[in-house]
Amino acid sequence: MPIPPPENLALLDAFGPHRAYERDRAPSGSPSHLVKTHCCFCGQQCGIKLEVKDNAVVGFEPWYDFPFNKGKLCPKGIKRYLQNQHPDRLVRAYAKDTSAPEGFRALPYEEAITRVAAEIDRIQTHYGRDAFAVLSGASLTTEKTYLMGKFAHMTLRTANIDYNGRLCMVSAGAGNKKAFGIDRGANPWDDLLGAEVIFIAGANIAECAPITTDYVWQARERGAKVIVVDPRVTPLARTCDLYLPVKPGRDVALFNGILHLMIANDWLDRPFIDAHTVGFDALAAHVAEWTPAQTAEVTGIAEPLIRQAAALWGKAKTSFLMHARGIEHHSHGVQNVLGAINIVLASGRIGREFCGYATITGQANGQGGREHGQKCDQLPGGRDLANPEHRAYIAGVWGMEPDELPQPGVDAYEIFRKVERDEVRGLLSICFNPVVSLPDNNFIRAMLDKLEFYVAIDFFLNETARYADIVLPGSLHEEDEGTVTQVEGRVIKINKAVSCPGDARQDWRIIQDLARALGRERGMTFASPEAIFDELRVASRGGICDYSAISYDKIDQQFGVFWPCPDTGPDGQPTPEHRGTVRLFEPGSWNPIARGAGPFYFPDGKARFNVSRYTPPAEVVDADYPIILTTGRVVSHFLSGTQTRRIGPLVDHCPEPFVELHPRLAERLGIADADWVRVVSRRGETTLQAHVVRTIRPDTVFIPYHWAGRKSVNQLTIAAQDPISKIPEYKVCAVKLEKAQAPAYRAELEPQQ
Ligand SMILES: Nc1nc2c(c(=O)[nH]1)N[C@H]1C(S)=C(S)[C@@H](COP(=O)(O)OP(=O)(O)OC[C@H]3O[C@@H](n4cnc5c(=O)[nH]c(N)nc54)[C@H](O)[C@@H]3O)O[C@H]1N2
Ligand SMILES: Nc1nc2c(c(=O)[nH]1)N[C@H]1C(S)=C(S)[C@@H](COP(=O)(O)OP(=O)(O)OC[C@H]3O[C@@H](n4cnc5c(=O)[nH]c(N)nc54)[C@H](O)[C@@H]3O)O[C@H]1N2
Ligand code: SF4
Ligand SMILES: [Mo]
């Protein structure tokens, strides 16, 4: 039985829909100056110039010189400036007050800080240090993510910190580490331009990485063939050369099937495999069973298409394979990623011009946010919290004993399970909206209710922050500076355009204010983001993610610096002029793990083939729940929607969630386009309007996840997780559909704008 929504859901819905903000209400007039910076949304990190007037961002101009996007922007980048003067912007601290009409009352910032510190102290004293948990985010600058890791591990000494990249990048990260020993996109995007074949698996790049589409189109004009694997005919798939309509959750079978045909036809780079890899024979034995017939049976893709894909991929001279969450958001996401990497390694097409592999990062700092210590098992520089040498190095940088560092903690979802078991009693979240973004979110609501104390730091009162005891007003992207690392591995600089309004503070100041109020300010007295970056450089030195020779000046001069960028060379000599590493794995390249033995980041310098095993999704369809639900994005909204649901033109573009279904399925269920449909899983239900489209498999329906409350698809999704990466299985669960009436709340809650 679906769990009924909790009592206070009505209240939550009553808060929304948000006041979507229109341009004509934004300050106008000619700007006094322009600030070169980057978009606040996705991991492409397009360069943009913000127009500033009277301490307000009033518009934008293209930044043509920035090499990645050369002035191009998608609709979200164009409209992001409308957040700056938004009437919902948090400019005060708030405390929960059930007698107040909106459930909160404002309080002085310092009083809020004191109260938070007192609660942290109380909970840690009563229940132990690990009873206070921290959830952080990968939209934050790298300086802030470093500070969050340090705050948890050194100031609070809690094991329980994790971040929202757990829902995003971790299957790719784990797969990359297993195969290459390093977790970074291997190539600059210019390598797409000369690729003969571009293989795109589980990535709706036209909507989610729009600037990448431009690279793919340029490549296609030069003759590239494009293969797309997706259960939906995405906008890019409509123009591709070969479209493979995979049944959700079965990609690893496809990759194994392709490798089977590569072996059968000797479309392999034997010299590369022999010189630069280990593990091929075991994998070859494993894929022997993945005949075209068996692959077709499991993936739902017709055998001739599988053969065509294998031939195109197998015979290419140059190629680029990219994937995103479509293959990663699975309870076997890491196996899917390993399957993809296996066909790249078998082709030998990596580490050279126009021969590339990448996972498309998601959040603004999806790359940098996973490198410097806010993951539950991680220390700065991509180091491991469980490794004694790594602990000793970081403890040295932080001026503490290695024994004082906690051991690895648990993933973001498990933190909520710990709340259920009374092992976590207090929570601080920054830059994360779990009530919308975590799967099976009725459980998350119940756990937020259960917490003894919860503090949220954000610039909008997001749906999770509505559960908070204290809300602290953090900083918008344009109110702070710092670095982020974009999809190619290029470290770039966000520049400050305006100062924080009212009592709002830059996030890093808030964290340091908390450390001070706790009486634990040691190591938490940085005067600027650059001072944090300078410590991060030292902390990353000698680690895999080595930033030691990167400086703000160098970033400015070079339009970004690709890491690794070490300040010490193979001979131990200083290399302060190091310009960064644009392409990974080039023959003859040096890295601190292989030390000249080979281009990959293992002691022998060789990449690993990993046996990539197919297992079905955690929940498969049956007579009661006969349809596959998959979830994802639309171009005009971003993640949990807190930001884009407040931007009028983006709301106009896509005002409501919908359920996408094929005409054959619609006909069977007696559903017509725009009808209301109740979609029910074992965990929850939602009622949305139907989009009947030919661009989806007939056994699958798709719902975008950017909405909250009763419109949230995460009421339905399953909290199954990959055993290695702990990523949730957002891309597959079982549902049933039935025609329904328009939900009553619709009429009451239509936008009043
Ligand atoms: N407009 C917009 N852009 C964004 C974001 C956003 O919210 N909005 N978010 C950013 C972030 S954080 C991320 S992580 C990225 C996500 O970028 P993407 O991963 O490209 O986006 P999704 O829509 O989550 O999923 C991609 C595709 O996977 C397909 N898919 C579903 N199941 C499967 C499967 O089993 N196999 C295969 N092969 N495909 C499958 C879906 O049909 C969908 O087209 O986008 C970033 N960019
Ligand atoms: N069903 C389903 N669920 C999914 C996915 C899916 O495909 N399907 N995708 C998953 C993925 S890939 C992701 S990345 C997650 C994202 O999930 P979340 O991280 O929960 O989503 P966001 O909307 O980014 O929430 C971030 C919050 O941080 C705030 N914020 C942004 N920048 C800053 C900052 O600089 N400082 C502060 N203080 N706050 C800031 C925003 O206002 C927002 O309230 O969702 C996951 N959930
Ligand atoms: S592609 Fe990404 S970074 Fe570029 S403008 Fe759009 S949301 Fe911003
Ligand atoms: Mo993401």
Side-chain angles (χ1 to χ4, degrees), residues 38-48 60 62 66 68-69 71-80 137-139 164-170 172 200-214 228-237 244-255 299-301 322-330 332-333 336 340 359-366 369 437 477 484 486-487 617 628-641 643-644 650 653-654 660 695-697 700-706 727 729-732:
H38 295 270
C39 177
C40 58
F41 292 123
C42 87
Q44 313 278 292
Q45 285 302 288
C46 296
I48 186 171
F60 77 98
F66 187 70
F68 181 78
N69 61 312
K72 291 183 276 292
L73 295 165
C74 85
K76 293 180 298 304
I78 285 173
K79 298 298 180 193
R80 65 78 67 96
S139 296
N164 60 9
R166 185 65 55 196
L167 328 180
C168 184
M169 296 308 311
V170 287
I200 301 171
N204 179 5
I205 67 166
E207 297 200 70
C208 301
I211 302 305
T212 299
T213 315
D214 188 63
V228 173
V229 186
D230 201 300
R232 300 186 306 140
V233 192
T234 59
L236 187 83
L244 307 178
V246 69
K247 188 169 174 181
R250 276 78 178 170
D251 293 83
V252 66
L254 174 66
F255 294 126
T299 60
I301 303 170
M322 45 189 15
H323 56 78
R325 305 311 83 75
I327 73 162
E328 300 163 25
H329 276 161
H330 294 281
H332 52 274
N336 285 344
T359 170
I360 304 174
T361 55
Q363 298 134 297
N365 199 15
S437 56
H477 201 255
V484 302
Q486 53 78 274
V487 62
I628 302 171
L629 167 68
T630 194
T631 66
R633 295 153 165 78
V634 295
V635 65
S636 34
H637 285 289
F638 193 66
L639 303 181
S640 70
Q643 295 171 262
T644 48
L650 298 177
H653 204 212
C654 184
E660 208 173 87
T695 51
I696 187 165
R697 286 178 61 93
T700 302
V701 298
F702 169 83
I703 301 177
Y705 90 101
H706 313 286
I727 208 165
E729 187 144 74
Y730 293 118
K731 293 292 189 263
V732 193

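One-based numbering, in listed order, for ligands and for the atoms of each. Only this structure's heavy atoms are used, side chains among them; waters, hydrogens and symmetry mates stay out.
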Proximity winner for atom 3 (S) of ligand 3, if only heavy atoms of Gly77, Gly43, Cys46, Cys208 are counted: Cys46
Under 4.0 Å to a heavy atom of Pro248 - the qualifying atoms of ligand 1, by number: 34 (C), 35 (O)
Enumerated ligand 1 atoms positioned under 4.0 Å from heavy atoms of Val246: 36 (N), 37 (C), 38 (N)
Gln44 to ligand 1, any heavy atom closer than 4.0 Å: no
Side chain, backbone, both or neither: the part of His330 lying under 4.0 Å from ligand 1 by heavy atom: side chain
Val634 touching ligand 1 at heavy-atom level, < 4.0 angstrom: yes
Numbering as shown, the atoms of ligand 3 that approach Gln45 to under 4.0 Å (heavy-atom distance): 3 (S)
Backbone or side-chain N/O/S of Cys39 under 2.8 Å of atom 8 (Fe) of ligand 3: yes
Protein heavy atom at shortest distance from atom 2 (Fe) of ligand 3: Cys42 SG, 2.3 Å
Check: Gln44/Asn69 side-chain N/O donor and acceptor closer than 3.5 Å: no
Option nearest atom 7 (O) of ligand 1 (shortest heavy-atom distance, choices Asn204, Leu639, Thr359): Leu639
Option passing side chain to side chain donor-acceptor pair (under 3.5 Å) with Thr644 (candidates Lys76, His637, His706): His637
Closest approach of any protein heavy atom to atom 36 (N) of ligand 1, naming residue and atom: Asp251 OD1, 2.6 Å
Ligand 1 N/O within reach of Cys168 N/O, cut-off under 3.5 Å: no
Residue and atom name of the nearest protein heavy atom (relative to atom 33 (C) of ligand 1), distance in Å to one decimal: Gly326 O, 3.2 Å
Side chains of Thr234 and Glu207, donor plus acceptor under 3.5 Å: no
Cys208, portion touching ligand 1 at heavy-atom distance under 4.0 Å: both
Heavy-atom donor-acceptor pair, Gln45 side chain to Cys39 backbone, under 3.5 Å: yes
Enumerated ligand 1 atoms positioned under 4.0 Å from heavy atoms of Thr630: 31 (C), 32 (N)
Proximity flag Phe702 to ligand 1, non-hydrogen atoms under 4.0 Å: no
Side-chain heavy atoms of Leu629 within contact of Phe702, under 4.5 Å: no
Region of Lys76 that comes within reach of ligand 1 [heavy atoms, distance under 4.0 Å]: side chain
Audit row: Val246, Arg697, side chain to side chain contact (heavy atoms under 4.5 Å, CB included) steps and yes/no: CA-CA 8 Å; Val246 69; Arg697 286 178 61 93; 5.9 Å; no
Pick from Ala172, Gly202, Pro231: the one approaching atom 30 (N) of ligand 1 most closely through a non-hydrogen atom: Pro231
Location of contacts on His637 toward ligand 1, heavy atoms closer than 4.0 Å: backbone
Sub-4.0 Å heavy-atom contact, His706 with ligand 1: yes
